[in-house]
Amino acid sequence: MADVEGGGAGSRTAVWAALAGNLLVAATKAGAAATTGSSAMLSEAIHSFVDTGNEVLLLYGMRRARRTPDRDHPAGYGRELYFWSFVVALLVFALGAGVSIVQGVQRVRHPEPIENALVSEVVLAAAFVFEGWSWAVSVRQFSKAKGELGWYEAFLKSKDPPLFMVVFEDSAALTGIVIAAVATVLAAHFDLPQADGIASILIGLVLAGTSTLLLRESKSLLIGERADGELVQSLLDIANAACGTSRANGVLTLHLAPDQVMAAMSFEFDDALTAPQIEQMIADIERRIRDAHPEVTALFVKPQSPQQYRNRVREKYGDGVEDATRVAPDD
């Protein structure tokens, strides 16, 4: 799952593709909604405009997150990406879902016939092509990143919100287009004008469900998630390979951004070592970890006996952790 956590070029490619696709789709749907008076088409237009704004915010967050650390923010600005991802998820819920459901309820209560249904049908077909292209790009990038993990497992473990957000947004958009197309056919050709409003409500519910998942995962990243277990184990292996008769008790990790990890390692140093020897050992461990995992941007080492470490782990995480010499804080 290294690529999913690393983010970078794949995320930017997916977001730029989604931005281009959503901009085309939004303009097309808005024109069709004005021409036909379709509630479902208006909901789809609002959805696409919200998605377009979301991609702009994600790109802004990605740019801000790349700023270098300074005195006021010594850990860097990586979490700005998680903040803006959370804002995007809120917008999907508040603007996309909320407006669609309200519009749909109004149209169900006061149904109106769809004018120029052919325009809606042609526009929805074109929108499906545009959104399908964007979806294909985002799915291809996420497939590369997820490796052998399942889709949902990769989503839960991903530390790169733009990548999975675009997949979810585009999937919701394609679902919404299908719903709007079915409603247009029912309303225009089967004399069921209420279908237009019902479709708008269904589109809103799809967006609400999507945004709920995105909000949950974005919030988890914003408040802090550990690194993948493979990275944690690799850090311990590298440290133990370089420390001779000393050993690493365990390590705590925290993602600051998709490609920025802070690590705090508990270490038992051999009592025979002098202070200069310990300093040299720590410098060697830092160099090896930096070479193997450049995403580890900060490493802190704390001298502790195994018993001290075990007590601290149980104090923080309870008695469920039995083997404190493994990756106890992160298991």
Side-chain angles (χ1 to χ4, degrees), residues 18-19 21-55 88-136 138-139 165-216:
L19 176 61
N22 284 325
L23 197 57
L24 290 171
V25 170
T28 305
K29 289 178 180 176
T35 302
T36 64
S38 168
S39 175
M41 184 64 73
L42 179 59
S43 295
E44 276 297 293
I46 293 171
H47 176 193
S48 295
F49 276 119
V50 170
D51 281 352
T52 301
N54 289 345
E55 316 314 340
V88 164
L90 282 176
L91 288 176
V92 172
F93 184 85
L95 295 182
V99 174
S100 295
I101 292 174
V102 171
Q103 176 71 15
V105 170
Q106 291 176 347
R107 188 55 62 92
V108 169
R109 294 177 62 188
H110 307 287
E112 297 179 9
I114 295 178
E115 301 176 1
N116 300 319
L118 181 61
V119 174
S120 290
E121 291 163 358
V122 171
V123 166
L124 288 171
F128 193 87
V129 172
F130 294 145
E131 289 284 5
W133 168 73
S134 172
W135 179 84
S138 62
V139 167
M165 278 190 159
V166 171
V167 173
F168 271 75
E169 285 183 358
D170 287 345
S171 298
L174 289 174
T175 303
I177 291 173
V178 172
I179 293 173
V182 172
T184 299
V185 172
L186 292 175
H189 302 291
F190 293 89
D191 193 26
L192 293 171
Q194 294 88 351
D196 187 40
I198 293 173
S200 185
I201 295 173
L202 291 176
I203 291 170
L205 293 176
V206 168
L207 293 177
T210 301
S211 65
T212 299
L213 287 173
L214 296 180
L215 278 170
R216 186 184 69 177

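Residue indices begin at 1 and follow the sequence shown. These numbers were taken from a predicted model, which means no experiment stands behind them.
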- Task: Check Val167 against Ser171 and note the closest heavy-atom contact, atom names and distance.
- Result: O-OG, 2.8 Å

- Query: If you look at every heavy atom in Gly21 and Trp133, which pair is closest and at what distance?
  - Reply: N-CZ3, 4.1 Å

- Query: Is there a side-chain contact between Glu169 and Ser134, using heavy atoms and a 4.5 Å cut-off?
  - Reply: no

- Task: Report the distance from atom CE of Met165 to atom OG1 of Thr210, rounding to the nearest 0.5 Å.
- Result: 11.0 Å

- Message: Tell me whether Ser48 contacts the main-chain N or O of Ala45 through its side chain, where contact means a donor paired with an acceptor under 3.5 Å.
- Response: no

- Query: To the nearest 0.5 Å, what is the distance between CG (Leu207) and CG (Leu202)?
  - Reply: 11.0 Å

- Task: Please examine the side chains of Leu186 and Gln194, heavy atoms only from C-beta on, and report whether any two atoms are closer than 4.5 Å.
- Result: no

- Message: If I compare all heavy atoms of Pro193 with all of Glu112, which pair ends up nearest, and what's the gap?
- Response: CB-O, 3.9 Å

- Taking the side chain as C-beta and beyond, is there a heavy-atom pair between Val92 and Asn54 under 4.5 Å? yes

- Message: With side chain to side chain contact (heavy atoms under 4.5 Å, CB included) as the criterion, how do Lys29 and Leu42 come out once you've worked through the C-alpha distance, each side chain's angles and the decisive distance to 0.1 Å?
- Response: CA-CA 7 Å; Lys29 289 178 180 176; Leu42 179 59; over 6 Å; no

- Validation row: Val122, Leu118 side chains within 4.5 angstrom (heavy atoms): yes

- Would a distance-only check, ignoring hydrogens and angles, find a side-chain to backbone donor-acceptor pair under 3.5 Å from Ser100 to Ser200? no

- Message: Nearest 0.5 angstrom please: Ile179 CD1 to Ile201 CD1, how far?
- Response: 11.5 Å

- Message: If I compare all heavy atoms of Ala195 with all of Ala187, which pair ends up nearest, and what's the gap?
- Response: CB-N, 4.4 Å

- Taking every heavy atom of Asp51 against every heavy atom of Ala173, the minimum-distance pair comes out as OD2-CB, 4.5 Å

- Message: Quick check: do Glu131 and Asn22 have side-chain heavy atoms less than 4.5 Å from each other?
- Response: yes

- For the residue pair Ile177 and Leu124, what are the closest heavy atoms and their distance? CG2-O, 3.6 Å

